[in-house]
Peer 1: 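One structure follows; several queries about it will come next.
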Amino acid sequence: MSALAICLFSATVVLDVLGQLLFKTGLLRLPAPAAQGWRFLGAIALSPAIVGGVLAYGLEAVLWLAALEHAPLSLLFPLASLSYCGVVVAGWLVLGEAVSPRRWLGTATITLGVVIVTWGGVS
């Protein structure tokens, strides 16, 4: 995989994790009554964090397409599961979420799976 493909792919993972963090942060900041019906839709549309998350996802989609132009889908898609791992770590570090040992084990298993699937296929 070329340096460009690695950079593009890495940016998609970072943007995916950032988008999830922004979504969660935006929802945590909504006032409680906003979580009902049409008020909810209005509140999320006006939330800078949630709008930022949507923008991060939009940019991620564009960069994902660019990455696909430079590397095989059969290589990139398994690598994309690293976003799940990044969200677990970011939730723990940034949001202070509790992560159970079972969830850490699952995260490590996903990471090991990516290593196995991509072994020798990244270069």
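Throughout, numbering of the chain's residues begins at 1 and tracks the sequence. Just so you know, these numbers come straight off a predicted model, no measurement behind them.
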Peer 1: Taking the side chain as everything from C-beta on, heavy atoms only, tell me whether Ile44 gets closer than 4.5 Å to Phe23.
Peer 2: no

Peer 1: Mind listing the closest non-hydrogen atom pair of Ala71 and Ala5 along with its distance?
Peer 2: CB-CB, 4.1 Å

Peer 1: So Val51 and Pro48, do their side chains get closer than 4.5 Å, heavy atoms only?
Peer 2: no

Peer 1: Check the surroundings of atom OH in Tyr84: do more than 12 heavy atoms from other residues, nucleotides or ligands lie under 6.0 Å from it?
Peer 2: no

Peer 1: Roughly how far apart are Tyr57 OH and Asp16 CG, rounded to 0.5 Å?
Peer 2: 4.5 Å

Peer 1: So Ile6 and Ser2, do their side chains get closer than 4.5 Å, heavy atoms only?
Peer 2: no

Peer 1: Would you say the side chain of Val88 lies within less than 4.5 Å of the side chain of Trp104, judging by non-hydrogen atoms?
Peer 2: yes

Peer 1: Are Leu75 and Phe9 co-members of a hydrophobic cluster defined by side-chain heavy atoms under 4.5 Å apart?
Peer 2: yes

Peer 1: Provide the closest heavy-atom pair for Ala49 versus Thr25 in the form atom of the first, atom of the second, distance.
Peer 2: CB-C, 4.5 Å

Peer 1: Is it the case that one hydrophobic cluster holds both Val89 and Leu22, taking links as side-chain heavy atoms less than 4.5 Å apart, direct or via other members?
Peer 2: no

Peer 1: Give the C-alpha distance, both sets of side-chain angles, the deciding distance and a yes or no for side-chain contact (heavy atoms from CB on, under 4.5 Å) between Thr12 and Leu8.
Peer 2: CA-CA 6 Å; Thr12 67; Leu8 289 168; 5.7 Å; no

Peer 1: How far apart are the closest heavy atoms of Ser81 and Val114, and which atoms are they?
Peer 2: OG-CG2, 3.2 Å

Peer 1: When hydrophobic residues are tied together by side-chain contacts of less than 4.5 Å, even through go-betweens, does Val87 share a cluster with Leu15?
Peer 2: no

Peer 1: Check Leu73 against Pro78 and note the closest heavy-atom contact, atom names and distance.
Peer 2: O-CD, 3.9 Å

Peer 1: For the hydrophobic clusters of this structure (ILVMFWY residues joined by side-chain heavy atoms under 4.5 Å, transitively), does one cluster hold both Leu46 and Leu30?
Peer 2: no

Peer 1: So which atom in Leu63 and which in Ala11 form the shortest heavy-atom distance, rounded to 0.1 Å?
Peer 2: CD1-CB, 3.7 Å

Peer 1: Supply the atom-to-atom distance Leu55 CG to Ile50 CD1, rounded to the nearest 0.5 angstrom.
Peer 2: 12.0 Å

Peer 1: Identify which one of Thr109, Ile116, Ile110 satisfies the side-chain contact (heavy atoms from CB on, under 4.5 Å) criterion when paired with Leu112.
Peer 2: Ile116

Peer 1: Test of understanding: clusters of I, L, V, M, F, W, Y form through side-chain heavy atoms closer than 4.5 Å, transitively. Do Phe77 and Val13 belong to the same one?
Peer 2: yes

Peer 1: Which distance, rounded to the nearest 0.5 Å, do you find between the CZ of Arg102 and the OG1 of Thr107?
Peer 2: 13.0 Å

Peer 1: Mind jotting down which residue pairs meet the side-chain hydrogen bond (donor to acceptor under 3.5 Å, both in side chains) criterion with at least one end in residues 87-98? Sequence neighbours excluded, please.
Peer 2: none

Peer 1: Looking at every heavy atom in both Leu21 and Ala90, which two are closest together, and how far apart are they?
Peer 2: CD1-CB, 3.7 Å

